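Report on the structure given below.
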Amino acid sequence: MSEPHIVHDADRPPTAADALAIIEREQAHASSKLAPNIAAFYGIWGMVWLASGVLFFLTASAAAAGWATAALVVTGTVISAVIGVRSGRGITGTSSRQGLLYGLSWPISMTALGMLVGRMGALGVPGSVMAVLSPALFALLVGALYLVAGAIWTSPVDYALGGWVMAVAVTSVFIGLPGSPLVLGLGAGGGLLVRAGLSLVKGRNTCS
């Protein structure tokens, strides 16, 4: 998208159209800076989810797949934190506070769900049931968070992504073992990778 044309005239006071053109230009510039970071964020977690699902589906040892997934999650968390810090530089005001509060909702809700899942196991829920329900519950939460993100920032793509991930989570429970991990990996991970691709395309179109 080409930059809006602004007519500069020293004898004419700036009009609302001039102000709107400046706003559109700055929004396009900001989007071109943030899009690659956002795409990387979605791409990283799409790959983590996809790799995790494939590992649990193909690996005979659930413990080995679990440790490998834990390593992937830690790596993804560190990289995502770096991306988040870089993306937030220079952004202040209401949007910054919204982003901070929304970002904090992820570790808070994930920790709470982790405690709930741990308690479910302690209460005697069978391991075969936990193997299906636990990842589906986390996927359901992730989908809900993306749904909220889409509503807050009026992003139909993120809203659709949230609904898709939630649908995949529910579907995985109905399919059950041994296919449920693969359904989550391909469905949720694939959805995130598609979202990453859309972010890259949007960023390129904004720069053009």
Side-chain angles (χ1 to χ4, degrees), residues 1 27-57 69 71-89 91 95-96 98-110 113 134-173 175 179-208:
M1 181 179 70
Q27 284 180 333
H29 178 70
S31 296
S32 67
K33 295 293 185 182
L34 292 176
N37 289 337
I38 294 173
F41 177 84
Y42 287 113
I44 288 167
W45 287 105
M47 291 301 297
V48 168
W49 218 322
L50 180 61
S52 175
V54 172
L55 281 171
F56 273 99
F57 181 71
T69 297
L72 289 171
V73 169
V74 170
T75 302
T77 300
V78 172
I79 298 175
S80 297
V82 173
I83 291 173
V85 171
R86 290 181 176 178
S87 298
R89 288 177 182 173
I91 300 177
S95 295
S96 177
Q98 283 180 333
L100 175 61
L101 293 175
Y102 175 72
L104 290 174
S105 69
W106 281 76
I108 292 172
S109 57
M110 288 292 176
L113 181 56
S134 296
L137 287 173
F138 279 102
L140 198 68
L141 177 58
V142 168
L145 287 169
Y146 280 128
L147 207 68
V148 171
I152 292 175
W153 286 285
T154 59
S155 171
V157 177
D158 284 315
Y159 200 83
L161 175 63
W164 169 257
V165 173
M166 294 178 75
V168 170
V170 173
T171 301
S172 72
V173 175
I175 289 178
S180 57
L182 190 61
V183 169
L184 285 172
L186 294 176
L192 289 172
L193 291 175
V194 169
R195 179 65 178 91
L198 292 175
S199 295
L200 284 176
V201 170
K202 181 179 179 181
R204 290 170 182 170
N205 290 339
T206 302
C207 294
S208 60

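A quick note: this is a predicted structure, and the numbers were derived from the prediction, not measured.
Residues P107 and G103 approach most closely at CD-O, 3.0 Å, considering heavy atoms. Looking at every heavy atom in both residues, G179 comes nearest to F57 through CA-CE1, 4.1 Å. Closest approach of A196 and G43 over heavy atoms only: CB-N, 3.6 Å.
Checking each of V157, L161, L193, I38 against L198 for a side chain to side chain contact (heavy atoms under 4.5 Å, CB included) leaves exactly one that passes, namely V157.
Between the CG atom of D158 and the CH2 atom of W153 there is a distance of 9.0 Å, given to the nearest 0.5 Å. Atom CG in L184 sits 11.5 Å away from atom CG in L50 (nearest 0.5 Å). Between L200 atom CG and R195 atom CZ the span is 10.0 Å, to the nearest 0.5 Å. Interatomic distance, CD1 of I79 versus CD1 of I44, reported as 4.5 Å (0.5 Å rounding). How far CG of L186 is from OG of S172: 12.0 Å, rounded to the nearest 0.5 Å. In this structure, L140 CG and L145 CG are separated by 10.0 Å, a value rounded to the nearest 0.5 Å.
Listed by chain and residue number, W45 satisfy the side-chain hydrogen bond (donor to acceptor under 3.5 Å, both in side chains) test with S80 (two or more places apart in sequence, or in another chain).
Although no hydrogens or angles enter the test, the distance criterion places a donor-acceptor pair under 3.5 Å between the side chain of W164 and the main chain of G187. Here the side chain of S52 pairs no donor or acceptor atom with the backbone of V48 at under 3.5 angstrom.
For residues 134-152, there are no side-chain hydrogen bond (donor to acceptor under 3.5 Å, both in side chains) pairs, not counting sequence neighbours.
Around OH of Y159, the count of heavy atoms belonging to other residues, nucleotides or ligands within 6.0 Å does not exceed 12.
In this structure the side chain of W49 reaches within 4.5 angstrom of the side chain of V165, judged on heavy atoms. Counting heavy atoms from C-beta outward, L72 and M47 have side chains that stay 4.5 Å or more apart.
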